[in-house]
Amino acid sequence: MSAELMLECSTVSILIIEEREDTGIVIGVPHHAPKGIEHLRCKNEKGNYRVSDENAGFLGRYVAEKLDACSVIACNYTFDVNKYIRSDYSMQIAKWDPKFLVEIHGHGKDKKKIGYDIVISSGSRENSIHSEKLATKLNEKFSNVHELENFNACGIFGDIPSDLRATQSATITDGRWTPFHIELPSSLRKPKNLKVGKPPIEGYKFCDCLVEALNETCHKK
């Protein structure tokens with residue numbers, strides 16, 4: 001079964017590991033489930049089933065292919081893989097020993113309340129310089145893409161809602177690499193008015209901007 005078909009599967013928990021030429025950047029998606037599967041098979045600290053990041057895996061894999069970067073995607077997982085440094089997901093990232101880790105997530109926040117569509121954290125106030133730089137580059141690129149001209153990104157740690165700062169994420173707070181924890185709204189991940197389906201064109205347009213921004217931010221040629 002191809003990786004794309006695995007991402008569409010809602011009945012099995014699987015870790016999709018794809019090694020590509022560039023190990024300097026790793027793309028990670030720890031909470032993927034296909035559209036229509038709203039919760040993972042693991043519970044959070046409150047005892048509720050964890051909300052999934054629907055369709056995030058499709059976008060993460062697309063970015064990895066464009067960058068020719070390694071990727072690891074946890075699909076329908078039974079535990080919260082990026083919260084533990086010795087999970088199979090986290091250990092695979094460490095095995096590649098990247099300079100940069102880019103994690104793709106999904107959020108359900110109201111833009112009117114938080115002021116932003118996309119939020120990027122590097123895990124701490126001290127590392128905010130990294131996330132701010134990436135967000136600035138993305139905003140510049142959005143203005144030149146018709147489908148994204150009304151979208152914006154924030155990378156300022158203090159302006160990000162506390163539950164989106166990734167301060168409890170083992171993979172983001174690990175000091176061995178520079179992390180980017182990217183939270184995407186449902187409008188970039190889920191097709192409108194459909195129970196199932198891959199991300200809309202806006203999601204892939206965002207990924208194209210992200211690839212360009214990462215190439216510049218991470219000094220890739």
Side-chain angles (χ1 to χ4, degrees), residues 2-8 16-35 52-75 82 93 98 100-108 111 116-122 130-131 133-155 164 166 172 178-192 194 197-221:
S2 70
E4 284 289 308
L5 287 177
M6 287 186 230
L7 291 173
E8 295 178 23
I16 302 175
I17 300 169
E18 293 185 279
E19 185 165 325
R20 300 182 179 87
E21 183 175 352
D22 188 355
T23 59
I25 297 179
V26 166
I27 309 299
V29 185
H31 306 130
H32 169 77
K35 172 73 167 65
S52 68
D53 296 339
E54 291 174 81
N55 277 356
F58 292 109
L59 299 177
R61 187 168 186 271
Y62 179 87
V63 170
E65 286 192 311
K66 288 287 185 177
L67 290 170
D68 201 17
C70 298
S71 61
V72 55
I73 303 172
C75 308
N82 69 333
I93 294 169
F100 301 93
L101 170 65
V102 180
E103 278 194 353
I104 306 296
H105 297 262
H107 75 81
K111 181 179 180 178
Y116 304 98
D117 300 286
I118 298 139
V119 293
I120 306 171
S121 175
S122 288
H130 303 301
S131 54
K133 183 177 180 181
L134 182 59
T136 297
K137 287 187 176 295
L138 283 172
N139 284 326
E140 291 172 355
K141 296 181 186 303
F142 292 166
S143 63
N144 296 319
V145 180
H146 174 69
E147 293 88 348
L148 302 176
E149 58 188 7
N150 293 319
F151 284 79
N152 62 353
C154 176
L164 300 182
I172 298 301
T178 298
F180 297 105
H181 181 277
I182 303 176
E183 292 271 4
L184 302 179
S186 60
S187 57
L188 292 180
R189 295 179 288 110
K190 298 189 284 185
K192 294 180 180 179
L194 293 175
K198 293 183 180 181
I201 185 63
E202 292 85 353
Y204 292 103
K205 291 286 186 178
F206 163 78
C207 289
D208 290 335
C209 290
L210 179 60
V211 167
E212 291 181 12
L214 289 171
N215 275 326
E216 297 168 9
T217 303
C218 302
H219 306 293
K220 283 169 51 59
K221 297 182 180 180

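Index from 1, following the sequence.
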Exercise. For Val29 and Gly60, work out which heavy atoms get closest and say how close.
Key: CG2-CA, 3.9 Å
Quiz item: Going by heavy atoms in the side chains, are Phe206 and Ile182 under 4.5 Å from each other?
Solution: yes
Quiz item: Does a side-chain heavy-atom distance below 4.5 Å link Phe100 with His130?
Solution: no
Quiz item: If we only count heavy atoms from C-beta on, is the Ser71 to Arg20 side-chain gap below 4.5 Å?
Solution: yes
Quiz prompt | Contact check, side chains of Arg189 and Lys35, non-hydrogen atoms, under 4.5 Å | solution = no
Quiz prompt | Main-chain N/O of Asp117 paired with His107 side-chain donor or acceptor, under 3.5 Å | solution = yes
Exercise. Take Cys70 and Glu19, measure what side chain to side chain contact (heavy atoms under 4.5 Å, CB included) needs, and give me the verdict at the end.
Key: CA-CA 5 Å; Cys70 298; Glu19 185 165 325; 3.8 Å; yes
Quiz item: Any side-chain heavy atom of Leu67 sitting closer than 4.5 Å to one from Asp22?
Solution: no
Exercise. Can you measure from OG (Ser52) to NE2 (His31) and round to the nearest 0.5 angstrom?
Key: 10.0 Å
Practice problem: Identify the heavy atoms of Glu103 and Pro30 that sit nearest to each other, and give their distance. | Solution: OE1-CG, 4.0 Å
Exercise. Taking the side chain as every heavy atom from C-beta outward, state whether Leu59 and Tyr204 have any atom pair closer than 4.5 Å.
Key: yes
Exercise. Could you give me the CA-CA distance, side-chain angles and deciding distance for His105 and Asn82, then say whether side chain to side chain contact (heavy atoms under 4.5 Å, CB included) is met?
Key: CA-CA 11 Å; His105 297 262; Asn82 69 333; 3.6 Å; yes
Quiz prompt | Closest approach of Ala135 to Gly155 (non-hydrogen atoms, all atoms of both residues) | solution = CB-N, 3.5 Å
Exercise. For residues Glu202 and Leu148, report the shortest heavy-atom separation together with the two atoms involved.
Key: O-CD2, 3.6 Å
Quiz prompt | Straight-line distance of Phe180 CZ to Cys218 SG, nearest 0.5 Å | solution = 5.0 Å
Quiz prompt | Ile118 vs Leu188, side chain to side chain contact (heavy atoms under 4.5 Å, CB included): CA-CA, chis, key distance, verdict | solution = CA-CA 10 Å; Ile118 298 139; Leu188 292 180; 3.9 Å; yes
Quiz item: Do the side chains of Lys141 and Asp208 get nearer than 4.5 Å, heavy atoms only?
Solution: no
Quiz item: Just by modelled atom types, is the Pro179 backbone N or O under 3.5 Å from a matching donor or acceptor in the Ser122 side chain?
Solution: yes
Practice problem: Hey, could you give me the CD/CG distance between Glu8 and Asn55, rounded to the nearest 0.5 Å? | Solution: 9.0 Å
Practice problem: Would you mind reporting whether Lys111 and Pro185 have side-chain heavy atoms less than 4.5 Å apart? | Solution: no
Quiz prompt | Gap between atom CD1 of Ile172 and atom NE2 of His181 - 0.5 Å precision | solution = 5.5 Å
Quiz prompt | Non-hydrogen atoms of Ile73 and Gly57 that approach each other most closely | solution = CD1-O, 3.6 Å
Quiz item: Do any pairs count as a salt bridge (charged side-chain N to carboxylate O under 4.0 Å, His left out) and have a residue in residues 57-75, sequence neighbours left out, and if so which ones?
Solution: Glu4-Arg61, Glu18-Arg61, Arg61-Glu65
Practice problem: State which residues pass side-chain contact (heavy atoms from CB on, under 4.5 Å) with Asn139; sequence neighbours excluded, sorted by chain then number. | Solution: Phe142, Asn152, Ala153
Practice problem: Rounded to the nearest 0.5 Å, what's the gap from CG on Leu101 to CD1 on Ile27? Could you check? | Solution: 8.0 Å
Quiz prompt | Whether over 12 other heavy atoms sit under 6.0 Å from Glu149 CD | solution = yes
Exercise. Measure from the side-chain N and O atoms of Ser131 to the backbone N and O of Ser121, and report whether any donor-acceptor pair falls under 3.5 Å.
Key: no
Practice problem: Would you give the length of the straight line joining atom CG of Leu184 to atom CG of Leu210, rounded to the nearest 0.5 angstrom? | Solution: 8.5 Å
